[in-house]
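Contents: one structure, followed by commentary.
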Amino acid sequence: MDKIISLCKRRGFVFLSSEIYGGFGSCYDFGPLGAEMKRNIKQLWWDEMTKKQDNIVGIDASILMSPKVWQASGHLTAGFADELVECRKCHKRFKLDELQKNICPECGGGLTKPKKFNLMMKTFVGPVEDDSSIAYLRPETCQGIYVNFLNVMNSMRLKPPFGIAQIGKAFRNEITPGNFIFRVREFEQMEMQWFSPPATLRKRSVAMRAGNPKDAKTPDDWFEYWKEQRMNWYIDLGIKKENLRAIEIPRKDRAHYAKRQIDIEYKFPFGWKEIEGVHNRGDYDLSNHTKHSKEELKYFNPDTKEKYTPYVIETSVGVGRSALAFLCEAYSEIKGGRTETTKSVKEVEAVLNLDKRLSPVKIAVFPLVKNKPDLVKKAKEVYQLLKFKFVCQYDEVGSIGRRYRRQDEIGTPFCLTIDFETLENDDLTVRDRITMKQQRIKVKDLKDFFQNKFRNDRG
Ligand code: ATP
């Protein structure tokens with residue numbers, strides 16, 4: 001893990017927030033490469049949900065919402081609180097279930113009785129800071145979807161089953177943040193809420209709409225469907241099957257809204273940990289918002305004249321947490337290096353075997369040497385040609401071997417070298433990170449070549 005953290009900092013993936021002031025509260029900043037990688041993850045998830053799947057639309061709700069939302073959702077009551085004890089001596093707080101003994105693990109002091117501690121971050125809206133102006137930074141993005149249920153369904157003329165997807169920031173005042181970007185207090189979630197008719201309605205719906213197997217699925221069937229879809233997403237993006245598992249969460253450990261819950265876990269260097277939750281939230285959220293807002297969050301089926309509250313299956317994943325899983329999976333070290341790039345057998349070469357769809361830099365462009373103006377000029381032309389379409393890096397510093405190594409370390413799939421032949425034949429060498437194969441491609445064909453390489457292509 002230390003090696004991955006060091007690579008992240010050294011190569012501009014992740015920095016400590018407010019680092020020059022010593023950092024701040026388990027917050028992290030994504031650097032140039034981290035920001036690109038995160039954008040790739042979000043785009044891939046968005047395409048997967050809104051393009052590959054049927055009947056899913058996206059929204060972008062605001063972070064600040066009426067505090068009534070959090071009353072209705074159960075977050076202001078016991079549902080979103082951890083049981084904590086405080087050390088009477090050093091005043092540090094600990095989760096009750098994480099303590100081995102009944103004394104403070106830091107200083108050995110005595111502990112208070114457990115108290116509920118709400119994980120939501122508070123702020124004030126408007127000029128006066130009093131109880132009436134308290135607002136909360138959302139601890140999950142999905143409530144923005146539930147409160148917009150009618151708006152989205154009506155404006156888009158949707159009928160269940162349909163889904164609403166959203167990517168956005170969420171905030172939790174975590175008691176025990178840690179493991180780098182695994183558990184932080186400010187993070188981004190990618191959530192999809194799937195609204196389908198409850199099972200009790202199924203028979204009637206099936207009869208009414210014979211011939212459409214989609215309508216025959218119960219929320220339990222959809223749960224299985226989404227679990228499968230989400231597991232496959234990670235595998236398709238390069239996570240090995242043996243490093244991924246789905247764990248059924250028993251009732252006593254489930255989130256307060258969940259009728260059924262599985263955690264998709266990844267085998268991090270620090271152990272098996274959740275990267276995504278798939279939840280059957282039943283009608284918990286829509287029913288509670290209906291009760292509190294007095295707006296009927298229901299669907300009226302004009303064919304059967306039935307009105308019902310759809311059941312919700314949720315898929316919920318953190319962008320940073322999944323990025324960390326992809327980075328851990330991709331990180332490898334080659335002892336003695338790759339012959340092409342490393343001279344000394346003692347050297348260890350770090351390679352990020354990222355799926356090229358995730359790679360922050362897609363193409364690196366090198367002139368063979370930097371002291372030949374014609375080569376440099378040509379290499380810069382090639383860089384200009386490609387950089388609007390693909391994220392490119394131009395590098396002329398050091399030997400070609402060193403430059404390959406720098407790109408291998410950040411997972412760049414393709415390196416282009418402009419050499420003396422280029423000036424004569426207008427072609428250049430394309431080196432593939434995975435196969436290490438080199439081929440010559442005409443400059444005029446480069447755009448098509450890479451468009452093909454990056455079109456729906458795996459690996
Ligand atoms: P955990 O048990 O790890 O705290 P959770 O069960 O509270 O997670 P959910 O509420 O199901 O998490 O949130 C869904 C997803 O959001 C998680 O699988 C994770 O990817 C992400 N997530 C939740 N909390 C954090 C956090 N503090 N930092 C980073 N990502 C988070």
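As the structure lists them, so they are numbered: ligands from 1, and atoms in each ligand from 1. One-based numbering along the sequence shown.
- Between Gly318 and ligand 1, a contact under 3.5 Å exists for at least one N or O pair.
- Every N/O-N/O distance between Gln261 and ligand 1 stays at or above 3.5 Å.
- A salt bridge does not link Arg357 to Asp47: none of the charged side-chain nitrogens sits closer than 4.0 Å to a carboxylate oxygen.
- Taking the ring axis of Tyr404 as reference, the NZ or CZ atom of Arg431 stays within 45° of it and closer than 6.0 Å to the ring centre.
- Taking all heavy atoms of Val184, Ile249, Val278 into account, the minimum distance to atom 27 (N) of ligand 1 is reached by Val184.
- Lys217 forms a cation-pi arrangement with Tyr225, by the criterion of a distance under 6.0 Å to the ring centre and an angle within 45° of the ring axis.
- Residue contact check: Phe182 has heavy atoms under 4.0 Å from atoms 28 (N), 29 (C), 30 (N) of ligand 1.
- Within ligand 1, the atoms closer than 4.0 Å to a non-hydrogen atom of His279 are 11 (O), numbered from 1 in the order shown.
- Applying the salt bridge (Lys or Arg N to Asp or Glu O under 4.0 Å) test to every pair with at least one member in residues 148-157, sequence neighbours left out, gives no pairs at all.
- Those atoms of ligand 1 that come under 4.0 Å of a heavy atom in Ile275, given as number and element, are 18 (O), 19 (C), 20 (O).
- The closest heavy-atom contact to atom 22 (N) of ligand 1, among the options Phe187, Tyr28, Phe171, Tyr257, comes from Phe187.
- One finds a salt bridge joining Arg230 and Glu276 here, because a Lys/Arg side-chain nitrogen approaches an Asp/Glu carboxylate oxygen to under 4.0 Å.
- Set against the non-hydrogen atoms of Glu276, the atoms of ligand 1 under 4.0 Å away are 18 (O).
- Residues forming a side-chain contact (heavy atoms from CB on, under 4.5 Å) with Phe124 (at least two apart in sequence, or on another chain): Glu129, Ser133, Ile134.
- Between Tyr266 and Tyr234, a ring centre-to-centre spacing not shorter than 6.0 Å is recorded.
- Numbered from 1 in the order shown, with element, the atoms of ligand 1 that lie under 4.0 Å from a heavy atom of Glu174 read 24 (N), 26 (C), 27 (N).
- Side-chain contact check for Phe300 versus Lys298: every heavy-atom pair is 4.5 Å or farther apart.
- Ligand 1 is never approached by Arg185 to a heavy-atom distance shorter than 4.0 Å.
- Within the 4.0 Å heavy-atom cutoff, Glu140 does not count among the residues contacting ligand 1.
- Ligand 1 has an N or O atom lying under 3.5 Å from an N or O atom of Arg183, backbone or side chain.
- When the options Arg321, Glu274, Lys273 are ranked by their closest heavy atom to atom 3 (O) of ligand 1, first place goes to Arg321.
- Using a 4.5 Å cut-off on side-chain heavy atoms (C-beta onward), Tyr311 and Pro160 make no contact.
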